[in-house]
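Note sheet for the following structure.
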Amino acid sequence: MKILVTGGTGYIGSHTVVELQQAGYEVVIIDNLSNSNREVLKGIEAITGKAPVFVEGDCTDINTLRKLFEENPGIQGIINFAASKAVGESVQKPLLYYRNNLNTLINLLECMPEYGVKGIVFSSSCTVYGEPDVNPIDETAPIKPATSPYGNTKQISEEIITDYVHSGAPIKSIILRYFNPIGAHPSAKIGELPLGVPQNLVPYLTQTAAGIRKELTVFGDDYNTPDGSCIRDYIDVVDLAKAHVVAMRRMLDGEDTDSIEIFNLGTGRGVSVLELIHDFELSTGMAVPHKIGPRREGDIEQIWAIPDKANNVLGWTAETPVGETLANAWRWQCSLK
Ligand code: WQD
């Protein structure tokens with residue numbers, strides 16, 4: 001079975017390619033390398049012993065996609081990771097985000113019936129929920145108005161898929177709403193490669209422990225949470241990657257599944273920023289110099305998942321303890337030059 005992974009040299013994409021290959025799928029990657037590099041392909045091959053087919057290209061150009069499908073016949077499914085994903089940048093450059101994220105998806109959907117592609121797994125985000133009224137949340141939690149163009153592209157993308165399937169398009173889709181992916185492959189051959197100053201907590205934290213950053217700023221400890229810092233549902237990136245393999249198998253092999261299914265992918269456990277720092281120090285023995293700073297604009301106070309639907313319907317559960325995930329992140333950080 002051949003699967004196209006867009007954005008497959010990115011953080012979550014590369015970990016998913018590894019799991020797809022290890023599950024016996026043939027993988028074709030398309031990536032424009034705008035937020036990743038070719039070295040990732042060596043890391044994937046070092047883990048699985050198999051080099052995925054790699055096409056350097058931009059999914060916003062439908063001719064690039066048509067050429068890829070013609071040169072790689074037999075693609076049965078797509079996992080779409082290719083998107084711009086920095087919340088803050090999306091506020092500064094909304095048109096770049098709408099053009100890249102929406103045109104990519106529309107082009108892929110248009111190509112699917114033309115080339116006999118049966119299903120698409122879409123990389124969505126818990127950001128579509130905004131600030132939940134109550135936590136934890138399942139898939140029936142209300143979708144709130146997006147708080148950033150990035151989050152809006154995820155909401156609109158879900159609607160585009162829904163409308164296209166409801167129009168009678170001969171395809172299926174599984175939409176996966178990720179909570180906070182963290183960590184790295186235990187082999188330390190692939191991991192997160194943030195460009196410039198990391199915006200996300202864990203890469204900033206590991207760079208601080210490595211002495212690359214002077215100290216970590218905790219963005220606020222005056223929230224209405226037990227220790228005052230924000231709470232998130234941190235999910236191991238390999239566990240997350242495995243969920244995509246299960247979703248692809250369900251979508252392509254599952255007889256009586258709905259044409260569209262949505263799953264929250266989380267651990268079901270809320271962890272605060274200060275707890276995560278403590279967990280990191282415990283599991284690695286490394287100190288993380290940190291201070292309390294002002295809140296970051298746009299931050300949600302607390303959000304974590306009810307993962308029952310993914311556990312019981314999809315048949316997938318996040319298993320890696322957060323301490324092990326953080327140890328893997330640290331091992332990856334140490335492997336970087
Ligand atoms: C987590 C917590 C920060 C950095 C975003 C997107 C989401 C997804 C993941 C793309 C927050 C705090 C962070 C720092 C800190 N992106 N923090 N100091 O904002 O929950 O989610 O990234 O798919 O869609 O919204 O993740 O890692 O940026 O922040 O205190 O230096 O860590 O305030 O509470 P976030 P994050």
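Just follow the structure's listing: the first ligand is 1, and inside any ligand the first atom is 1. All residue numbers in this chain count up from 1 along the given sequence.
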(message) T127 versus ligand 1: do any nitrogen or oxygen atoms come within less than 3.5 Å of each other?
(response)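 N/O-N/O distance below 3.5 Å does not exist for this pair.
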(message) When you compare ligand 1 with Y204, is there at least one nitrogen or oxygen pair between them that comes in under 3.5 angstrom?
(response)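 The answer is no, given that Y204 and ligand 1 share no N or O pair closer than 3.5 Å.
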(message) Minimum distance, heavy atoms only, to atom 11 (C) of ligand 1: which one of R232, E215, R177, Q302 is it?
(response)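 Nearest heavy atom to atom 11 (C) of ligand 1 lies in R232.
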(message) Judged on heavy-atom distance to atom 15 (C) of ligand 1, which of F219, Y178, Y223 sits nearest?
(response)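 Minimum heavy-atom distance to atom 15 (C) of ligand 1 goes to F219.
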Tell me if a side-chain donor or acceptor on [X] pairs with a main-chain N or O of [Y] at a distance below 3.5 Å.
X	Y	result
D233	T267	yes
H290	V288	yes
Y97	A86	yes
K172	M251	yes

Go through ligand 1 atom by atom and flag the ones less than 4.0 Å from a non-hydrogen atom of [X].
X	answer
V87	6 (C), 25 (O)
S125	24 (O)
C230	34 (O)

(request) Considering only NZ, NE, NH1 and NH2 on the basic side and carboxylate oxygens on the acidic side, decide whether E70 and K67 come within less than 4.0 Å. (result)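 Looking at E70 and K67, the cut-off is not met.
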(request) Would you kindly specify which portion of Q199 sits under 4.0 Å from ligand 1, judged on non-hydrogen atoms: side chain, backbone, both or neither? (result)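 The answer is the backbone of Q199.
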(message) Just to be sure I read this right, does ligand 1 sit under 4.0 Å from the backbone of L201, its side chain, both, or neither, counting only heavy atoms?
(response)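 Both backbone and side chain of L201 come within 4.0 Å of ligand 1.
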(message) So for Y234, does at least one of its heavy atoms come nearer than 4.0 angstrom to any atom of ligand 1?
(response)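 Yes; Y234 lies near enough to ligand 1 that a heavy-atom distance drops under 4.0 Å.
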